[in-house]
Amino acid sequence: MSSPIIDEINRQNLKDDLPEMHIGDTMKVHVRIKEGEKERVQVYAGTLIARDGSSATETITVRRISHGVGVERVFPLHSPYLAKIEIIASTHVRRAKLYYLRDRVGKKTRLREKIR
Amino acid sequence: MQGLLGIKRGMTQVYDDAGHRVAVTVLEAGPCVVTQVKTKECDGYEASQLGFIAQKAHRMTKPMLGHFAKAGADPHRCVAEFTSPDEAKAGDTVTVGMLEGVSYVDIAAKTKGRGFAGVLKRHDMKGGRMTHGGHSKRRPGSIGQCSYPANVAKGKRMPGHMGNVRVTCQNLRVVSIDPEKNLLLVCGAVPGPRGAVVEIRKALKKVGK
């Protein structure tokens, strides 16, 4: 449930330069990281396994295997810390949430790539 | 003026200057009209009465219409009193702009009514175990000892009516103010459902902040 007043506030916080993304996409997320005074951009690459929320509160969950350990990071889509999102490849998936990837290891984590 | 009335519109999140997410409650605050000025000589204390949400005259009682007419104000649905250190005149308008420069506010409103609630919901008790044949799943358990003292301690937390009481949330940080749209964004939650009329005051315990 939302009211026109809240929609208006949300609209001010929305980013308009986000690429069109779908569940299963392989993507690179550019994250701004503050280290003391300095600010740098870190790139986190992985598979988009979930989108949650809507409007200004929308988040994405990106999963990757890092040094043999599964890592999932949740990014607020409209956060100023999120500098850029690059879509590398789209895959053919039949679910809105790819949580089943958590139980899979190695070759079974592959997703069928969409031919564009 | 020490405060004003507003309507709770709902919650969302915004980003602060540092880029952090802040959960905010959106309040539509004011504009309110001063409908009566209470003075020490006449009423024994000093306060200003504010009216909020204009109401059609035929929906008001005649005594209330007379009260508003005396102040030269249009009829309003809600009235509440606020202390007012500065001079206020009947008929003055109070807007959310009065909170400019204020960092913290107290917000009072009636909470959502929960009806007759058990101890788990009402007092955050743990209850008994749900599995292994638990017979005391959501019960309060023992309420005291035996033949001595042979009574239940006063104030013992038990099931009963919950909610629908006036609650004040103190020291809520003001995130932003929009005087043009009469909007006030405060950090965190505020009692009451969406659409509830709330009383917004400058924070009592953060004077001058």
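In what follows, chains are A, B, ... by sequence order, proteins preceding strands, each numbered from 1.
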Practice task
Using a cut-off of 6.0 Å, state whether more than 12 heavy atoms not belonging to B:R122 lie near its atom CZ.
Solution key: yes

Practice task
Taking atom NZ of A:K15 as the centre, report whether more than 12 heavy atoms of other residues, nucleotides or ligands fall under 6.0 Å from it.
Solution key: yes

Exercise for the section: Under 4.5 Å, heavy atom to heavy atom: which of residues 25-62 of chain A reach chain B? Give them by number, or say none. Expected result: A:K34, A:A56, A:T57, A:T59

Exercise for the section: Answer yes or no: are there more than 12 heavy-atom neighbours, outside B:K156 itself, under 6.0 Å from its atom NZ? Expected result: yes

Handout entry: Exceeds 12 heavy-atom contacts within 6.0 angstrom, atom NZ of B:K70
Key = no

Practice task
Could you tell me whether the side chain of B:L183 reaches within less than 4.5 Å of the side chain of A:I9, counting heavy atoms only?
Solution key: yes

Exercise for the section: For A:Q12, look at atom CD and say whether over 12 heavy atoms of other residues, nucleotides or ligands are found less than 6.0 Å away. Expected result: yes

Problem - Residues of residues 11-23 of chain B near chain A, each having a heavy atom less than 4.5 Å away - result: B:M11, B:T12, B:Q13, B:V14, B:Y15, B:A18, B:G19, B:H20, B:R21

Handout entry: Residue B:K110 excluded, over 12 heavy atoms near NZ under 6.0 Å
Key = no

Problem - Nearest-0.5 Å distance that lies between atom CD in B:E28 and atom CD1 in A:I5 - result: 4.0 Å

Handout entry: Neighbour count >12 (heavy atoms, 6.0 Å) for atom CZ, A:R95
Key = no

Practice task
Take atom NE2 of B:H135 as the centre, draw a 6.0 Å sphere, and report whether it contains more than 12 heavy atoms from other residues, nucleotides or ligands.
Solution key: no

